[in-house]
Amino acid sequence: MRTEPEPLRRLLRALCCYGVFSETEDGTFAHTEMSRLLREDDPNSLRYISLWCTEPWTWEVWPRLDDAVRSGSSVFPEAFGKGFFDYLHQDAGESAQVFNRAMTTSSVQSARDVAELLDLTGVSSVADIGGGQGHVLASLLEKHSSARGILLDLPGVVARADGRLREGGALADRVRIVPGDCREGVPFEVDLYIIKNILEWDDESTRRTLRNVMAAARPGSRVVVIENLVDDTPSMRFTTAMDLLLLLNVGGAKHTRESLETRIADAGLKIAEVRPVNPYLHAFECVVPG
């Protein structure tokens, strides 16, 4: 894309003040740790997350932050006449593609970390609840060849499941893909349930999801809840910004450790331990009591 050299230099100079680039003695500009995260080829890339957070609809909701803070609810329907996801998929196709790419990239990155963290010794069956396209499940099954898996998510989501899980894929014979809504029911019993980044939309959704897992699970089953926290962690700037975006868009919230522990305990689960997955995520290892 062509651009005028002098205005480009002024832009890069301004970005240097925020650590996005650095200016060298000869007047050229170089990457920094921050700018590398905006590259698509960086293993920890935040490129599509950044693009999603600067999509056109964003500029319509941020000026309404005071209304969201006063009311404690989403301002998206007032701004666009419908809910966030309805608008995204019905009226903003390009934004939907950016959003889906951001979610996929984030899921692929964290799937590797989750697979490294979780010990599946003695686990013969694992289910990813609201697991999106199944990247976490696929990574776990690749590492643990004796385990079988179930992916549960909305029909339109699992229709785009990771190719490794679909018919003809390398893991297809060890996977069952179940279209459904975890807020309405969890129709299977497994040794290990994984619930990742879906307990932040609203309290009622959280209660219903955990209640449905508890109704399906047998005593002694493991439940691993994986979420971003807004406590004092290395990702505070990122997570608190996402927390406000959740408020604006859907009326949701990122959890503190205490708030998530409270909701897990209220569901009847017993927390065994809490461990960091990476700088952005924590895993709450839970057991269904006997």
Side-chain angles (χ1 to χ4, degrees), residues 37-52 55 85 88-90 92-120 123-199 209 213 222 224-228 277-278 280-281 283:
L37 293 176
L38 300 176
R39 292 175 59 100
E40 191 167 2
D41 59 357
D42 189 276
N44 299 309
S45 175
L46 295 175
R47 173 181 171 82
Y48 286 98
I49 290 285
S50 301
L51 289 174
W52 165 45
E55 279 294 289
F85 287 106
L88 196 66
H89 294 292
Q90 295 171 10
E94 290 186 7
S95 287
Q97 291 181 25
V98 172
F99 175 79
N100 291 337
R101 189 70 178 267
M103 296 301 101
T104 297
T105 300
S106 176
S107 181
V108 169
Q109 291 169 346
S110 61
R112 298 190 293 263
D113 297 327
V114 172
E116 285 300 313
L117 178 76
L118 294 185
D119 180 7
L120 264 61
V123 171
S124 61
S125 56
V126 55
D128 198 349
I129 307 300
Q133 297 173 348
H135 303 299
V136 168
L137 183 61
S139 294
L140 283 168
L141 295 183
E142 282 187 333
K143 185 176 180 182
H144 302 275
S145 59
S146 62
R148 302 184 66 84
I150 299 175
L151 174 65
L152 171 68
D153 212 316
L154 299 173
V157 176
V158 296
R160 304 188 305 271
D162 188 306
R164 292 171 290 179
L165 306 179
R166 296 200 303 266
E167 184 176 356
L171 303 170
D173 61 341
R174 295 164 52 206
V175 174
R176 180 157 63 101
I177 295 178
V178 178
D181 187 341
C182 59
R183 296 168 297 183
E184 302 301 325
V186 175
F188 42 74
E189 182 182 283
V190 293
D191 298 327
L192 169 62
Y193 298 83
I194 296 172
I195 308 173
K196 177 175 172 291
N197 284 138
I198 63 169
L199 299 184
T209 298
V213 169
R222 290 169 60 192
V224 178
V225 176
I226 301 172
E227 289 287 343
N228 305 109
V277 177
N278 57 33
Y280 299 96
L281 294 168

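For the numbers below, each heavy atom of this structure counts, side chains included, while hydrogens, waters and symmetry mates do not.
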Nearest 0.5 Å, what's the [atom1]-[atom2] distance between [X] and [Y]?
X: Leu37; Y: Asn44; atom1: CG; atom2: CG; result: 6.5 Å
X: Arg112; Y: Ser107; atom1: CZ; atom2: OG; result: 10.5 Å
X: Leu51; Y: Glu94; atom1: CG; atom2: CD; result: 12.0 Å
X: His135; Y: Ser110; atom1: NE2; atom2: OG; result: 9.0 Å
X: Arg160; Y: Asp162; atom1: CZ; atom2: CG; result: 12.5 Å
X: Leu88; Y: Trp52; atom1: CG; atom2: CH2; result: 9.5 Å

Minimum-distance pair of heavy atoms, taken over all atoms of [X] and [Y]:
X: Leu152; Y: Cys182; value: CD2-CB, 4.0 Å
X: Ile49; Y: Met103; value: CD1-CE, 4.0 Å
X: Ser125; Y: Val190; value: OG-CA, 3.4 Å
X: Arg222; Y: Val123; value: NH1-CG2, 3.7 Å
X: Leu151; Y: Gly134; value: CD1-CA, 3.8 Å
X: Leu120; Y: Ala147; value: CD2-CB, 4.4 Å

Do the side chain of [X] and the main chain of [Y] share a donor and acceptor less than 3.5 angstrom apart?
X: Gln109; Y: Ser45; result: yes
X: Glu55; Y: Val98; result: no
X: Gln90; Y: Phe85; result: no
X: Ser106; Y: Ala102; result: no

| request: Tell me, please, which residues at least two apart from Phe188 pass ring-ring contact (aromatic ring centres under 6.0 Å, His included). | output: none
| remark: For Tyr280, the ring-ring contact (aromatic ring centres under 6.0 Å, His included) test, sequence neighbours excluded, returns Phe238
Please tell me if the side chains of [X] and [Y] come closer than 4.5 Å, counting only heavy atoms from C-beta onward.
X: Leu281; Y: Lys196; value: yes
X: Leu141; Y: Val126; value: yes
X: Glu116; Y: Asn278; value: no

| message | Give me each pair satisfying side-chain hydrogen bond (donor to acceptor under 3.5 Å, both in side chains) with a member in residues 170-179, each pair once, sequence neighbours excluded. | response | none
| task | Give every residue pair that meets the side-chain hydrogen bond (donor to acceptor under 3.5 Å, both in side chains) criterion with at least one member in residues 137-157, sequence neighbours excluded. | result | Glu142-Arg164
| Of the options Leu137, Ile129, Leu140, which is the one that meets Ile194 in a side-chain contact (heavy atoms from CB on, under 4.5 Å)? | Leu140
| query | Does Asp181 have any salt bridge (Lys or Arg N to Asp or Glu O under 4.0 Å) partners at least two apart in sequence or in another chain, and if so, which? | reply | Arg183
| field | side chain to side chain contact (heavy atoms under 4.5 Å, CB included) against Ala283, all qualifying residues, sequence neighbours excluded | value | Leu117, Val224, Ile226, Val277
